[in-house]
Undergrad: 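Would you mind keeping the following structure in view while I ask a few things?
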Amino acid sequence: MIDAYSIPVTKTERSKLNDTPLENIPFGKLFTDHMLVADYINGEWTNVEIKPYQNLSVAPSLAAIHYGQAIFEGIKAYRNAAGEAFIFRPYDNWSRFNISAKRMQMPEVPEEIFIEGMRQLISLDKKWIPDYADHSLYIRPFMFSTDEVIGVKASETYKFMIILSPTGPYYSTPARIYVEETYTRAAPGGIGFVKAAGNYGASMLVTAEARKQGYDQVLWTDSAEHKYAQEIGTMNVFFVTGNTVLTPDLEQGTILNGVTRSSAITIMKEMGYKVEEREVSIEEMIGLYKKGQLQEVFGTGTAATITPIRELKYKDFVMTFNVEEWKAAPEMKRRLTDIREGRAADNHGWLFKV
Ligand SMILES: *Cc1c(COP(=O)(O)O)cnc(C)c1O
């Protein structure tokens with residue numbers, strides 16, 4: 001067990017902050033001065049430390065590179081008008097991280113390292129949280145296997161790390177999407193509910209094919225029949241019909257349990273919508289659309305919060321949406337952003353003070 005307050009810190013000799021403007025920086029390219037590292041050796045976590053952001057030196061036989069025991073998380077921290085820093089729902093990401101770890105036969109990471117380590121790291125690099133509206137600090141915890149053995153088996157050693165990346169507003173322009181009927185993202189019994197590196201690796205070709213056809217992403221469907229909606233790219237998906245909001249349920253383990261998804265469900269219920277988590281078939285959505293009863297389709301995720309869908313194509317049938325007239329998604333996003341940035345009361349205990 002690690003004493004929460006004894007994480008050794010080696011500070012950088014020279015902060016990069018002074019020569020780095022934090023306004024409108026592109027997503028995920030710039031990193032703060034420090035990072036957190038911990039090693040899992042002989043069945044326990046050790047060597048926990050915060051040190052200057054730097055390269056890793058790894059053996060060519062590093063297990064993670066070959067067999068993909070690698071998982072990650074994505075979280076955001078914000079600074080309010082008074083300059084206080086808050087992390088948005090980090091305990092939800094911590095529990096999801098350990099669910100991912102379990103499925104990948106990796107060790108769980110304790111609260112003292114994941115949460116307290118994150119808090120201390122952000123506290124040290126707090127000045128890196130941009131002060132501008134809609135800017136935030138993106139937090140990337142991750143873990144990978146580190147055995148130096150070419151043999152297919154669960155690694156005995158692992159590295160857990162947290163790196164931080166200041167990020168500007170991630171305006172996602174309304175997207176064009178088609179319903180994917182060839183490729184599959186996740187099947188029952190697989191790792192759809194896991195934030196595993198391999199899930200992303202498997203999606204790159206599909207995204208590239210979508211782009212080639214002039215689309216931004218695909219709407220993933222079930223592996224058996226390609227009839228039921230799963231997710232949009234790497235976002236959870238919502239459909240608004242009148243006063244009801246539909247989103248695929250988590251029962252089959254094929255969908256990532258998004259923290260933004262959960263926040264969106266809570267907020268939309270507060271806005272007076274009836275939220276149904278259930279199977280959502282494409283045919284049903286087309287039926288609603290033809291009757292003029294499908295108003296909004298959008299994706300949710302930490303990076304962009306929401307991405308409106310302006311066009312959704314299924315076989316030869318194209319559904320288009322006039323995003324400017326939407327009510328539910330923009331209002332939900334506004335409410336969520338106000339809570340995260342400290343302009344509205346945090347009635348759900350979503351903010352964790354750094
Ligand atoms: C991370 C992720 C999401 C969104 O989860 P958030 O916790 O809201 O950021 C949705 N789908 C997939 C596949 C993801 O990897």
Side-chain angles (χ1 to χ4, degrees), residues 27-28 68 70-78 87-101 103-104 114 118 136-143 165 167 170 172 175 177 180 183-188 190-207 210 216-223 228-239 245 247-250 252-268 275 277 280 297-307 309 329 332-333 335-337 339-340 348 350-352:
F27 182 78
I71 59 172
F72 68 99
E73 272 302 327
I75 310 172
K76 275 182 174 177
Y78 299 83
I87 312 173
F88 187 71
R89 302 187 72 172
Y91 278 91
D92 295 79
N93 296 86
W94 174 50
S95 67
R96 186 171 72 190
F97 190 77
N98 283 337
I99 287 168
S100 294
R103 177 63 179 81
M104 301 301 284
F114 193 100
M118 180 186 301
S136 59
L137 185 70
Y138 184 81
I139 308 161
R140 168 54 58 87
F142 58 107
M143 170 165 56
S165 178
T167 175
Y170 194 113
S172 36
I177 305 285
E180 180 60 58
Y183 299 107
T184 297
R185 192 191 87 88
I191 58 166
F193 64 100
V194 175
K195 230 168 162 66
N199 279 340
Y200 285 71
S203 73
M204 304 294 176
L205 170 74
V206 185
T207 304
D216 298 291
Q217 260 302 345
V218 304
L219 174 69
W220 297 104
T221 49
D222 65 291
S223 59
Y228 297 94
Q230 286 186 342
E231 304 199 49
I232 290 181
T234 56
M235 293 177 292
N236 293 114
V237 62
F238 288 79
F239 301 86
V245 180
T247 193
D249 64 77
L250 307 172
Q252 297 196 322
T254 51
I255 287 160
L256 208 285
N257 183 1
V259 177
T260 318
R261 174 187 184 276
S262 152
S263 309
I265 290 172
T266 299
I267 290 173
M268 298 190 82
V275 181
E277 295 178 63
V280 179
V297 182
F298 59 91
T300 65
T302 294
T305 310
I306 72 150
T307 296
I309 306 307
M332 184 274 286
K333 181 179 179 174
R335 288 187 185 212
L336 180 55
T337 308
I339 296 172
R340 290 196 297 202
H348 306 288
W350 285 343
L351 300 184
F352 177 81

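Predicted, not measured: the structure shown is a model, and the values here were computed from it. Atoms within each ligand, like the ligands themselves, are counted from 1 in listed order.
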Undergrad: Heavy atom to atom 12 (C) of ligand 1, shortest distance: which of Glu231, Arg261, Gln230 holds it?
TA: Glu231
Undergrad: Between Arg261 and Glu277, does any side-chain N to carboxylate O distance fall below 4.0 Å?
TA: yes
Undergrad: What residue and heavy atom of the protein are closest to atom 8 (O) of ligand 1, and at what distance?
TA: Thr260 OG1, 2.6 Å
Undergrad: Give me the nearest non-hydrogen protein atom to atom 15 (O) of ligand 1 as residue plus atom name, then the distance to 0.1 Å.
TA: Tyr200 OH, 2.2 Å
Undergrad: Is it true that the side chains of Thr221 and Glu180 contain a donor and an acceptor less than 3.5 Å apart?
TA: no
Undergrad: Could you list which atoms of ligand 1 come closer than 4.0 Å to a heavy atom of Val259?
TA: 6 (P), 7 (O), 8 (O)
Undergrad: Heavy-atom distances under 4.0 Å decide this one: backbone, side chain, both or neither, for Leu256 against ligand 1?
TA: side chain
Undergrad: Can we call the ring centroids of Phe88 and Tyr78 under 6.0 Å apart?
TA: no
Undergrad: Could you tell me which atoms of ligand 1, counted from 1 in the order shown, lie closer than 4.0 angstrom to a heavy atom of Asn236?
TA: 10 (C)
Undergrad: What protein heavy atom is closest to atom 2 (C) of ligand 1, reported as residue, atom name and distance in Å?
TA: Lys195 NZ, 2.6 Å
Undergrad: Will you find, in the side chains of Ser263 and Arg340, an N or O donor that is under 3.5 Å from an N or O acceptor?
TA: no
Undergrad: Can you name the closest pair of heavy atoms from Trp220 and Ser203 and give their distance?
TA: CZ2-CB, 4.0 Å
Undergrad: What atoms in ligand 1 come closer than 4.0 Å to a heavy atom of Arg96?
TA: 5 (O), 6 (P), 7 (O)
Undergrad: May I ask you to identify, for Arg185, whether its side chain, its backbone, both or neither come under 4.0 Å of ligand 1 on a heavy-atom basis?
TA: side chain
Undergrad: Could you check whether the rings of Phe27 and Tyr138 sit parallel, tilted or perpendicular, using 30° and 60° as the cut-offs?
TA: perpendicular
Undergrad: Contact between Glu73 and ligand 1, counting heavy atoms under 4.0 Å?
TA: no
Undergrad: Backbone or side chain, does any N or O of Thr234 fall under 3.5 Å from an N or O of ligand 1?
TA: yes
Undergrad: Atoms of ligand 1 less than 4.0 Å from Thr302 heavy atoms?
TA: 6 (P), 7 (O), 8 (O), 9 (O)
Undergrad: Which ligand 1 atoms does Gly301 reach within 4.0 Å, using its non-hydrogen atoms?
TA: 4 (C), 8 (O), 9 (O)
Undergrad: Per the salt bridge (Lys or Arg N to Asp or Glu O under 4.0 Å) rule, which among Lys195, Arg89, Arg96 passes with Glu73?
TA: Arg96
Undergrad: Check the orientation of Phe114 and Phe97. Use parallel for under 30°, tilted for 30 to 60°, and perpendicular for over 60°.
TA: tilted
Undergrad: Of all the atoms in ligand 1, which lie at a distance below 4.0 Å from a heavy atom belonging to Gly258?
TA: 5 (O), 6 (P), 7 (O), 8 (O)
Undergrad: Going through the distances and angles, do Val218 and Tyr183 end up as a side chain to side chain contact (heavy atoms under 4.5 Å, CB included)?
TA: CA-CA 10 Å; Val218 304; Tyr183 299 107; over 6 Å; no
